[in-house]
2 protein chains.
Amino acid sequence: MPHGHGHRWGQKLSGCGFRLTVGREAIIDVLSRSDKHLSAEDIFLELHADHPGIGLTTIYRTLELLVQTGIVAKFEFGHGRAKYELTEEYGKKKHHHHLFCKSCQTIIDYSDFMEDEITYIKKTEKGLAKKYDFQIDGHIINFYGLCRACRAK
Amino acid sequence: MPHGHGHRWGQKLSGCGFRLTVGREAIIDVLSRSDKHLSAEDIFLELHADHPGIGLTTIYRTLELLVQTGIVAKFEFGHGRAKYELTEEYGKKKHHHHLFCKSCQTIIDYSDFMEDEITYIKKTEKGLAKKYDFQIDGHIINFYGLCRACRAK
DNA sequence: CAGAAAATGAAAATGGTTATCAATAGCAAA
DNA sequence: TTTGCTATTGATAACCATTTTCATTTTCTG
Ligand SMILES: [Mn+2]
Ligand SMILES: [Mn+2]
Ligand SMILES: [Zn+2]
Ligand SMILES: [Zn+2]
C-alpha cells in the first residue's frame with residue numbers, strides 16, 4: 001500500500017504534501033477513540049504512556065496542521081484552553097452544536113433542533129454575505145448555562 | 001444627589017454594594033463614547049491622556065465587575081484578546097450579533113434577520129433546557145469569514 | 001471628620017500557546 | 001536498500017494577555 005492511503009486523513013495529509021508520522025497518527029488516534037472534546041494537554045497526557053517521546057509542542061503543531069487541513073475542529077469556550085475534536089468529515093459525530101456549563105465546564109453535543117437551525121443559518125448567511133459583502137465560511141453557535149448538578153450547589 | 005444615582009450604571013453598582021470610583025466612571029465613559037468593541041488595552045490607551053493614573057490592572061478588574069453586574073458584555077473571537085462593549089441595557093446599541101473577518105479582525109454588528117433568529121433561539125433554548133436539564137442564560141452566535149478588502153488581497 | 005472596608009497601582013506571577021534551533025525521521029529517487 | 005533532501009520533532013526559552021499579591025489610597029458610612 002502506497003504511503004498516505006491507510007485512512008482518509010492519511011490521504012488528505014499526504015495529498016497536501018505533509019508527511020505521515022507516528023506522532024500525527026497517534027494524535028489522530030487519540031481523538032478518534034475519544035467522544036469528548038480534548039485539550040492539547042489532554043491529548044499529551046493520554047499519549048504519554050504509549051508515546052513518552054511525543055512532546056506538547058508537537059501536539060500543538062499537529063493540531064494546528066489538522067485544523068488547517070479540515071481534519072480537526074478547534075473550539076474556544078472562553079475558559080482559557082482550546083478544545084479539539086475530529087470534524088464531521090473525519091470523525092464519527094454528525095453535525096452538532098454545543099451546550100456549555102459555565103460552572104463545571106461540561107460540554108454537551110446536541111444535534112436536536114438542527115432542521116430549524118439549518119434553515120435559519122442558511123438564510124442568515126446568504127443575507128449577511130450579500131449585505132456586507134462577506135464570504136462566510138463558518139459560524140459558532142454556543143449556548144451557555146448551568147447544568148443540573150451545578151444548579152444544586 | 002445621593003451617591004450612585006447619576007446614571008443607571010451608578011445605581012446598579014451601588015445597589016450591588018460596589019463603590020463609585022473615578023476609574024469606574026472613566027472606563028464606562030470610554031465604552032459609552034465608542035461604537036466599537038474595545039479590548040482592555042484599547043481602553044487603557046484611550047484613558048491614559050486624561051487619567052494617567054489608571055492602570056491596566058484596574059481596567060481588567062473593572063471590566064470583570066461590569067460583566068458580572070450585566071453592564072458590559074465580553075466577547076472572545078478566538079484571536080487572543082477579549083473585547084468589551086456595553087450591554088443592550090446600558091448602552092445605545094440594540095440586540096445584535098457579530099460577523100468577524102478572520103483576516104483583518106474587523107467586527108461587524110448586525111441586527112438583520114433578528115426575527116428569524118429570535119424565533120430559532122427561543123425554541124432551541126426551551127428545547128435544550130428541558131432535554132438536558134440546563135438553565136440556559138446566554139448564547140453566542142458568530143459568523144466568520146472574509147471581508148471584501150481581505151478577499152481582494 | 002474619622003474609621004472600616006473596598007479599591008487601586010506597581011510589580012511579579014501565571015499559564016496556555018508559540019518561536020528557536022539543532023537533531024531526527026519520512027520519503028522520493030536512484 | 002541506500003542516499004540525500006528537507007519536513008518534522010523535542011527541549012527550551014520566549015510570548016503575552018490576564019491574574020495575583022500586597023502595601024497604599026480612596027470611598028463612603030456614621
Ligand atoms: Mn462537539
Ligand atoms: Mn457588538
Ligand atoms: Zn455544570
Ligand atoms: Zn477583513
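Just so it is clear: chains get the letters A, B, ... in the order the sequence lines come, proteins before strands, and each one is counted from 1.
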- Message: With heavy-atom distances below 4.5 Å as the criterion, would you say the side chains of A:F143 and B:T124 are in contact?
- Response: yes
In whole angstroms, the gap separating P of D:dC28 from CD of B:E25 amounts to 11 Å
- prompt: Is the shortest side-chain N to carboxylate O distance from A:R81 to A:E41 below 4.0 Å?
  reply: yes
Discussion item. Tell me whether the rings of B:H7 and B:W9 are parallel (<30°), tilted (30 to 60°) or perpendicular (>60°).
Written reply: parallel
note: B:L13, atom CG; D:dT27, atom P; distance rounded to Å ~ 14 Å
- Would you indicate whether A:K130, at its atom NZ, is surrounded by more than 12 heavy atoms from other residues, nucleotides or ligands within a distance under 6.0 Å? no
Exercise for the section: Would you please classify the geometry between the A:F75 ring and the A:F77 ring as parallel, tilted or perpendicular, with 30° and 60° separating the classes? Expected result: parallel
Atom CD1 of A:I54 and atom P of C:dT24 are separated, to the nearest Å, by 17 Å
To the nearest angstrom, the CD1-C1' distance between A:I27 and D:dT8 comes to 12 Å
Separation of C:dA10 atom C1' from B:F44 atom CZ, nearest Å, is 11 Å
Which class fits the ring pair B:H96 and B:H37: parallel under 30°, tilted 30 to 60°, perpendicular over 60°? perpendicular
A:I43 atom CD1 is separated from C:dT17 atom P, nearest whole Å, by 11 Å
Heavy-atom contacts, protein to nucleotides 13-19 of chain D, under 4.0 Å, summarised as B (base), S (sugar-phosphate only) or - (none) per nt, yield ----SSB
inquiry  = Salt bridge check, A:D42 against A:K36: does any charged N sit closer than 4.0 Å to a carboxylate O?
reply    = no
A:I59 atom CD1 is separated from C:dA19 atom C1', nearest whole Å, by 18 Å
In terms of heavy-atom contacts, A:S14 and A:L20 come closest through N-CD2, 4.4 Å
From CG of A:D42 across to P of C:dG16 the rounded distance in Å is 11 Å
Here the side-chain hydrogen bond (donor to acceptor under 3.5 Å, both in side chains) pairs for residues 63-74 of chain A, sequence neighbours left out, are A:E64-A:Q68
Closest of D:dT9, C:dG26, D:dT21 to the B:R61 side chain is D:dT21
Listed pairs, N/O of protein and of nucleotides 3-6 of chain C, under 3.5 Å:
unit_1: C:dA5; atom_1: N3; unit_2: B:R19; atom_2: NH1; d: 3.1
unit_1: C:dA5; atom_1: N3; unit_2: B:R19; atom_2: NH2; d: 3.3
unit_1: C:dA6; atom_1: O4'; unit_2: B:R19; atom_2: NH1; d: 3.3
unit_1: C:dA6; atom_1: O4'; unit_2: B:R19; atom_2: NH2; d: 3.3

